[in-house]
Amino acid sequence: MDTKPSSTTLLALSSFLLLFFLANSQPSHDQHHNYPRKPRPQRRAIPKPCKELVFYFHDIIYNGKNSRNATAAIVGAPAWGNRTILAGQNHFGDVVVFDDPITLDNNLHAPAVGRAQGMYVYDKKEVFTAWLGFSFVFNSTEHVGTLTFAGADPLMNKTRDVSVVGGTGDFFMARGIATLMTDAFEGEVYFRLRVDIKLYECWW
Ligand SMILES: *[C@@H]1O[C@H](CO)[C@@H](O)[C@H](O)[C@H]1NC(C)=O
Ligand SMILES: *[C@@H]1O[C@H](CO)[C@@H](O)[C@H](O)[C@H]1NC(C)=O
Ligand SMILES: *[C@@H]1O[C@H](CO)[C@@H](O)[C@H](O)[C@H]1NC(C)=O
Ligand SMILES: *[C@@H]1O[C@H](CO)[C@@H](O)[C@H](O)[C@H]1NC(C)=O
């Protein structure tokens, strides 16, 4: 008996494999297809927050002239940019590290209750948007401890929600949502964010 597969079998098999490959590779080419929006999934009623806090923080970005006052510095830039001035194309590729004062009101010169420390990464060419990862580090008569924030920050949105992923000290194991609002924006050098924190997990 001839055990070699016939050429028709081979042809059938290879076209099957080709189809299989095409079918599976399709979605990755199609990432930007606008699928009809599904209704948002049902969610349990949002519980009342166990703690609500409001703070402001102030970011002064180094611009080549303000090294004494700057609280933030560009530490990474794409090849077409530099670390003095935020790059074109919505600052895509710039990485900024900051150590910003946190105040209870919108006054930059009010006594700081802590520092907002971390970074943001501009991560989209087409629109002004960033990814934030930072902690509020408190060491005041009011609070001692940290709250850590992470998430996408679509800056053109009036309000943006980021996750409060955890806490230490007075904020042991805290979790919740922080709503960010740009409270002031002066050139590319100073901005002030209002942070409305709602914690839904409190262990104190
Ligand atoms: C630094 O801050 C001080 C006090 O707010 C201000 O008078 C001064 O103009 C600032 N300097 C720079 C270089 O921004
Ligand atoms: C940095 O880039 C800006 C434009 O994006 C340019 O105006 C400036 O001269 C550059 N600075 C240095 C030190 O290369
Ligand atoms: C927190 O504040 C206290 C009192 O001012 C000080 O002794 C301590 O070193 C501070 N801790 C940190 C981590 O800054
Ligand atoms: C952008 O703002 C709209 C309306 O203010 C809000 O519904 C939406 O959740 C916001 N997007 C993000 C990512 O926060």
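Numbering of ligands and ligand atoms starts at 1, following listing order.
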(request) Look at atom 14 (O) of ligand 3 and say whether a protein heavy atom is found at less than 4.0 angstrom from it. (result)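 Protein heavy atoms within 4.0 Å of atom 14 (O) of ligand 3 - there is at least one.
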
(message) With the threshold set strictly below 4.0 angstrom, can you tell me whether any protein non-hydrogen atom sits that near atom 9 (O) of ligand 2?
(response)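 No, there is none.
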
(request) Name all residues meeting the side chain to side chain donor-acceptor pair (under 3.5 Å) criterion together with D94; count only those two or more places apart in sequence or in a different chain, and write none if there are none. (result)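 Side chain to side chain donor-acceptor pair (under 3.5 Å) check on D94 returns nothing, list empty.
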
Mind telling me whether [Y] and [X] have parallel, tilted or perpendicular rings, with 30° and 60° as the class edges?
X: F128; Y: Y122; answer: parallel
X: F191; Y: F185; answer: parallel
X: F55; Y: F138; answer: tilted

(request) State whether the shortest distance between N or O atoms of T84 and N or O atoms of ligand 2 falls below 3.5 angstrom. (result)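 No, there is no polar N/O contact under 3.5 Å.
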
Give me the residue, atom name and distance of the protein heavy atom closest to [atom].
atom: atom 7 (O) of ligand 2; result: I85 CG1, 4.9 Å
atom: atom 3 (C) of ligand 3; result: N139 ND2, 3.7 Å
atom: atom 6 (C) of ligand 2; result: N82 ND2, 4.2 Å

(request) Have a look at T182 and tell me which of R194, K158, R160, R192 forms a side-chain hydrogen bond (donor to acceptor under 3.5 Å, both in side chains) with it. (result)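 With T182 as partner, R194, K158, R160, R192 yield a single side-chain hydrogen bond (donor to acceptor under 3.5 Å, both in side chains), made by R160.
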
